[in-house]
Amino acid sequence: QELRDDMPSILADVFCILDIETGCLEEKHKRDHFTQLVGACLICVPDGMLKERLDPETLESLGLIKQAQQFNQKIVKIKTKLFYKQQKFNLLREENEGYAKLIAELGQDLMGNLTSHLVLENIKSLIGCFNLDPNRVLDIILEVYECRSEHDEFFIPLIKSYMCEHQTLCHMLGFKFKFHQEPNGETPSSLYHIAAALLQHNLIALEDLYVHVSGRVVAVLVVLSSDLDKEKEKEKEEEKNEKPPDNQKLGLLEALLRIGDWQHAQSIMDQMPAFYATSHKAIAIALCQLLHLIVEPLYRRAAVPKGAKGGLMTPLRNKQALRPAESFDDLSRGVFAMLCYLGPHMSHDPILFAKVVRLGKSFMKEVRTDTRDSLLSCFLSTADQVLLPSLSLMECNACMSEELWGFFKLFPYQHRYRLYGQWKNETYGNHPLLVKIKAQTVDRAKYIMKRLTKENVKPSGRQIGKLSHSNPTILFDYILSQIQWYDNLISPVVDSLKYLTSLNYDVLAYCIIEALANPEKEKMKHDDTTISSWLQSLASLCGAVFRKYPIELAGLLQYVTNQLKAGKSFDLLILKEVVQKMAGIEITDEMTVEQLEAMTGGEQLKAEGGYFGQIRNTKKSSQRLKDALLDHELALPLCLLMAQQRNGVVFSEGGEKHLKLVGKLYDQCHDTLVQFGGFLASNLSTEDYIKRVPSVDVLCNQFHTPHDAAFFLSRPMYAHQILSKYDELKKAEKGSRQQQKVHKYIAACEQIMAPVHEAVVSLHLPRVWDDLRPQFYATFWSLTMYDLAVPHNAYDREVNKLKIQIKAIDENTEMPLNKKKKEKERCTALQDKLQEEEKKQLEHVQRVLHRLKLEKDNWLLAKSTKNETITKFLQLCIFPRCVFSAIDAVYCARFVELVHQQKTPNFCTLLCYDRVFSDIIYTVASCTENESRRYGRFLCCMLETVTRWHSDRAIYEKECGNYPGFLTIFRASGFDGGNKADQLDYENFRHVVHKWHYKLTKASVHCLETGEYTHIRNILIVLTKILPWYPKVLNLGQALECRVHKICQEEKEKRPDLYALAMGYSGQLKGRKVHMVPENEFHHKEQPVRSATPGTLQNGPGNTGNYSVSLNESIITKGSKEKEDKEKTTKEKKEKKDKNPGSTPEAKAGGKDKQKEEKPTDSKEKTPKADKDKRKDDKKEEKSKIDGKSAEKEWSKERDLSNDSKTKEGSKVEKNAGAGSMKSLVPRSEGVESERGERALPLSLANQKGGNQKALPAALVLSASHGCALSFHTGSSKHSKSASPSESPHSNDKDNSKRSKSTSKDKSDLAKPEKTSGGKKESRHDKEKSEKKRDSTGAKEEKKQYPLMP
């Protein structure tokens, strides 16, 4: 079997190792064993191989050599001869002729036909003739090449042909480099050049040469800003004293780059730290030069701007260099890699910077048609790693900044912001030079900001601009941090930003968003009740900056959208500010009456008289905002998210937050929605709006938008569509008559609104439409104040202002004539616009009113009861809308008045007003601060109407006397308004108004005494709003003043904001005292002469505030006397059982003494006559306590005119009547309850304890009585369980005897309203009677009266 070829060599190596190891051992027998082993193997291992590897002593013992000593001597002699003995070649001094001829041969003119091949032949001849040393000849060739380094194409082929071994050439070059490595030695550039050329042509290997060149990598120290000045001085001294040591590696690298050998250059750079090589200016410039040459053809073809003349660059003659790029794909062969190695040091060559940017720009324009993702990502990486860091190192080069923006603006904002984020947060930490630049920029920014004031905005602005061209992220970061601390800097900073470039504005937008999204900053103050001031400052800055300068808004709007999607509503503050500043749409609930009036007019009137600050010149900025919203499809999503977020604030965000903050956030969300919706309505074209806003049923059912917000968004769409359809019909058939125009308008309304009527049906359960028609519902929600009335006063006011302005301009002698002319023209044009707008609105209102007149008969069906109809109207229409905006509050009040004026069938005006005023506690308690203002404004408008009717009998008779809304009996055969006996007369109406004022006082006092922050704040706001019309009665005003004074004392130290509100109201209330009248002037307290009017007045001297006016809403047919007698006898029996003294508010307020006073009165008043009068009252009051089911049964029974059922109903209701006076707040109707899909709450005031009742949403709380009759009881207490018939005597002959007591009781009642039922004291007599009453009827009937609905 044959052995492997390398077996002898392997064995020899093994023996060599064993030889060394056994030689060290002391045991001789082991050494002998080794010798025997080697001797045995001599047959397979040649002698020569063993002699090479084994020790001489071992060889001697094996017998392979005679003597070890002689063998050693022989080795030394051979080595000396090989390595140290010089060959006998001729040296230069010995045979100078041969070398002279050699130098002459190499130095001759190379321009002719001379080739390297001919010269090589001559050199060989010379070597042979003169016996020249070949290595010396090679050295001389290199020397001559060094001197004539431009002749690469001659010397490279010559050396290639001449030499045989690469190592020899490498050693010679290394010897030359070593020669220049002296302390003060300087390596000539020609030596670098020939080394680079030889490397490029692969005549030597880089790793062989690299060991011969010197070059130490010097660590770069990061210098902090505090040491900058010292460092500069040191640098100057060092430059004077000594040169930096010569680095041959960098010299070689530069030479490689200059001849275009990127492959070897890259190898050298890879062996150095990142960006170390290019941090040397010469190398950076050499690399830039190479890049110029490569991109030149592509740049000339694709990226040269029109009209630019560029100097053509001569390409490299070197065939080994990289090929120039002809297309964008060629750039990936090496250009992007070179750029990455260059990094921030491209700042040395702004021209190359511009070329790369322009190439990127032209690529982005091409890439739109041909998507090349890899190249796109390469350009983005270049922008991140090269362009932006280089811009930071360029000293305030605004042109480069603008060039870069030309490239960047082609990217979507997401890409740009990513680049800015990297630039700001990472790039500055990666490069030592940039660390230094950052420190310098911060120092300079501090210097400027310390000196920035309103007076020196211009010079400071120039300095900011200069600093921002290179390092905008660092500068803006510092400026924004200052603004967050000092909000008074906002105005000067905004003015000083006018010298920025477009790129800087974009970076500013990013920096603002980053500051807003800072997770380390708390968006609430430490007290958790208010939004942090830093967020408010940034929001103000956003509004001002984005309005004044052309900055892209998409990023900011998307940020707000994303925050809303995440359920965070703090940042809506930003959107609010931006819309306010850019579109001039201001949202405030603190409007004056004049402003509110102006807001009901056209767009021009709104702009002139509707806002506090006249924000002019918003056309361009609002157009920019609109474009940003439409281009990025953010208009509808923002609306929907805001509409949904309103409830999200309460239910999702509100759990852990302070109630005050939740209210503020809710208001902010709602106000921004109203403001934003107003902006879209006034700025979007009809097509844009209709295209983006879906129908109301889609908004509500699919997007879960609350109904009020859905109609708010849809309303402008309906108005647009109706007008466009109207114009279309007018053009189709040209008729100038007004009547024809009205008919066309109505036809247009029907066409547009018919689908809406169908759509709204799905919003509520079918039973809702038993009372309200969808047409009525849609009409209410689709109209605005603009449609109902023309604000002539506001138009006249603004026109007069303009006339005064024109007069002032004429009288101004200092104003130049041309300016005078312009201003006068502007005012005149504005005046004409306003007058034209007024005329247009007047025509529109007339058309709308005509339409409503035709529609009104089909509005209300009232299939259940009038009470139920009013309930649904208030729940589904009035209450949700009256707190939506200030204009809507006015609209709701005016709409109620309009429905009344139109003589709408089945609409009981009196009942509607009564339900609004009867008990406002729950409504007020469930409002936010701004909702309270709107609710107060609504009540104010309602009170204004009521006060107008109350003020004059003639006005009342004209506007109410013959109207169905003031009917107290609705006949089965329909109504004939001519029957005066069915109308509420003027005096009774005055009593009702007094009762409403009393109810308002009672509710106000209750809220003020709860101690709850929300109750007190809201009622004070409401009271302030209704101050022009309430209180009008002196004793009610005094009661309020007393309670408010108490609040002022209690809250002065505890809750300053409540104290401020209370003090403000108190002062205004005192000012209104002169307008208040005594109670007997407000309404006649004496019992008027009895008439056949079914609404009877009850007023007794013992209880001046306790009277009952019953408005019977059921359809009562005038039946036989027997039926009435039956009822009377039934009632008389019941009365005798249930007679006992009740606990009136006066009794509770007055305590034991007052109750003692009442006892004789009670006994006197328990007469058959009083019982007889009371029976009539009870008969009308009975239906107010019946639940929904019994009401429906009664309705059908009454319609059938069944006497038996009537009698049963009377006896059944008698029980309920005993339960006490009517509670004004009861659960909503079952139909509405199930429509909302919520669990009904028993809202009985009797079930509440003190001030701890839960605040319910305003839209859910209203006084809904399930019966058919409505009673007004001002004496009814929140906690009273019974009301004795004797407390409200009817006999006139008792009046005078009890008047003195009534006055004292009134005062005590108003000064000390009732406490909670648990805290009041009762006499034993009262207690026993009331307990019996509760046992017999009260507890049971309360359960019946307020059923818990599933």
Side-chain angles (χ1 to χ4, degrees), residues 576 579-616 618 622 667 670-684 708-709 711-713 715-716 718-720 780-802 830-831 833-842 844-845 848 881-898 930-942 944-945 1025 1028:
K576 187 178 174 184
V579 175
Q580 183 175 324
K581 296 278 183 8
M582 292 188 76
I585 295 174
E586 192 174 13
I587 288 294
T588 173
D589 282 299
E590 299 297 340
M591 283 182 178
T592 61
V593 178
E594 289 80 12
Q595 283 176 323
L596 200 57
E597 196 177 11
M599 291 300 282
T600 63
E603 291 298 325
Q604 199 66 50
L605 183 62
K606 282 182 192 176
E608 290 303 308
Y611 302 124
F612 281 113
Q614 288 297 323
I615 306 173
R616 299 196 182 277
T618 58
S622 58
D667 282 339
H670 179 83
D671 290 350
T672 312
L673 173 65
V674 173
Q675 179 194 33
F676 190 70
F679 166 74
L680 293 180
S682 58
N683 284 273
L684 262 63
D708 54 351
F711 277 106
F712 168 69
L713 294 174
R715 208 172 293 137
Y718 302 145
H720 283 319
F780 172 84
W781 280 105
S782 62
L783 295 180
T784 62
M785 270 307 290
Y786 179 83
D787 305 308
L788 298 189
V790 183
H792 293 295
N793 291 341
Y795 279 111
D796 295 343
R797 199 163 45 243
E798 292 306 318
V799 167
N800 290 336
K801 277 185 194 173
L802 289 167
L830 208 52
Q831 194 174 320
K833 275 184 189 174
L834 285 168
Q835 286 167 343
E836 180 61 32
E837 193 174 70
E838 184 179 13
K839 185 183 168 189
K840 188 178 170 186
Q841 190 179 356
L842 183 61
H844 175 73
V845 169
V848 172
R881 190 162 177 183
C882 76
V883 293
F884 197 84
S885 70
I887 309 290
D888 285 314
V890 177
Y891 169 81
C892 288
R894 294 288 170 258
F895 190 84
V896 172
E897 192 180 345
L898 180 74
N930 288 358
E931 281 179 340
S932 306
R933 291 196 179 94
R934 296 177 208 127
Y935 184 59
R937 207 179 281 281
F938 165 68
L939 289 178
C940 179
C941 293
M942 296 287 273
E944 182 186 357
T945 307
K1025 286 288 178 192

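Being a predicted model, the structure only gives us computed values, none of them experimental. Hydrogens, waters and symmetry mates play no part in the numbers below; they use all other heavy atoms, side chains included.
- Legend: residues meeting side-chain hydrogen bond (donor to acceptor under 3.5 Å, both in side chains) with Tyr795, ordered by chain and number and at least two apart, are Glu837, Gln841.
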(request) Quick one: do Arg894 and Thr945 satisfy side-chain contact (heavy atoms from CB on, under 4.5 Å)? Show the steps, please. (result) CA-CA 9 Å; Arg894 294 288 170 258; Thr945 307; 3.8 Å; yes
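- Annotation: salt bridge (charged side-chain N to carboxylate O under 4.0 Å, His left out) contacts of Asp667 (sequence neighbours excluded): none.
- Remark: Glu836 pairs with no residue by the salt bridge (charged side-chain N to carboxylate O under 4.0 Å, His left out) rule, at least two apart or across chains.
- Here Glu838 pairs with His792 under the side-chain hydrogen bond (donor to acceptor under 3.5 Å, both in side chains) rule; sequence neighbours left out.
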(request) List the steps and the verdict of side-chain contact (heavy atoms from CB on, under 4.5 Å) for Leu842 and Val845. (result) CA-CA 5 Å; Leu842 183 61; Val845 169; 5.6 Å; no
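- Applying the side chain to side chain contact (heavy atoms under 4.5 Å, CB included) criterion to Ala719, with sequence neighbours excluded, gives no partner residue.
- Residues passing the salt bridge (charged side-chain N to carboxylate O under 4.0 Å, His left out) test with Lys801 are Glu798, sequence neighbours excluded.
- In this structure Tyr891 satisfies the ring pair (Phe, Tyr, Trp, His ring centres under 6.0 Å) test together with Phe780, Phe895, sequence neighbours excluded.
- For the side-chain hydrogen bond (donor to acceptor under 3.5 Å, both in side chains) test, residues two or more places apart in sequence or in another chain that qualify with Glu597 are Arg797.
- The side-chain heavy atoms of Leu788 and Leu783, taken from C-beta on, include a pair separated by under 4.5 Å.
- Residues satisfying the ring pair (Phe, Tyr, Trp, His ring centres under 6.0 Å) criterion with Phe884, sequence neighbours excluded, are His670, Phe712.
- Tyr935 pairs by the ring pair (Phe, Tyr, Trp, His ring centres under 6.0 Å) definition with nothing, not counting sequence neighbours.
- Shown here are the side-chain hydrogen bond (donor to acceptor under 3.5 Å, both in side chains) partners of Ser682, two or more places apart in sequence or in another chain: there are none.
- Scanning for side chain to side chain contact (heavy atoms under 4.5 Å, CB included) contacts around Phe679 gives Val579, Ala583, Ile585, Ser622, Leu625, Lys626, Leu629, Asn683, with sequence neighbours left out.
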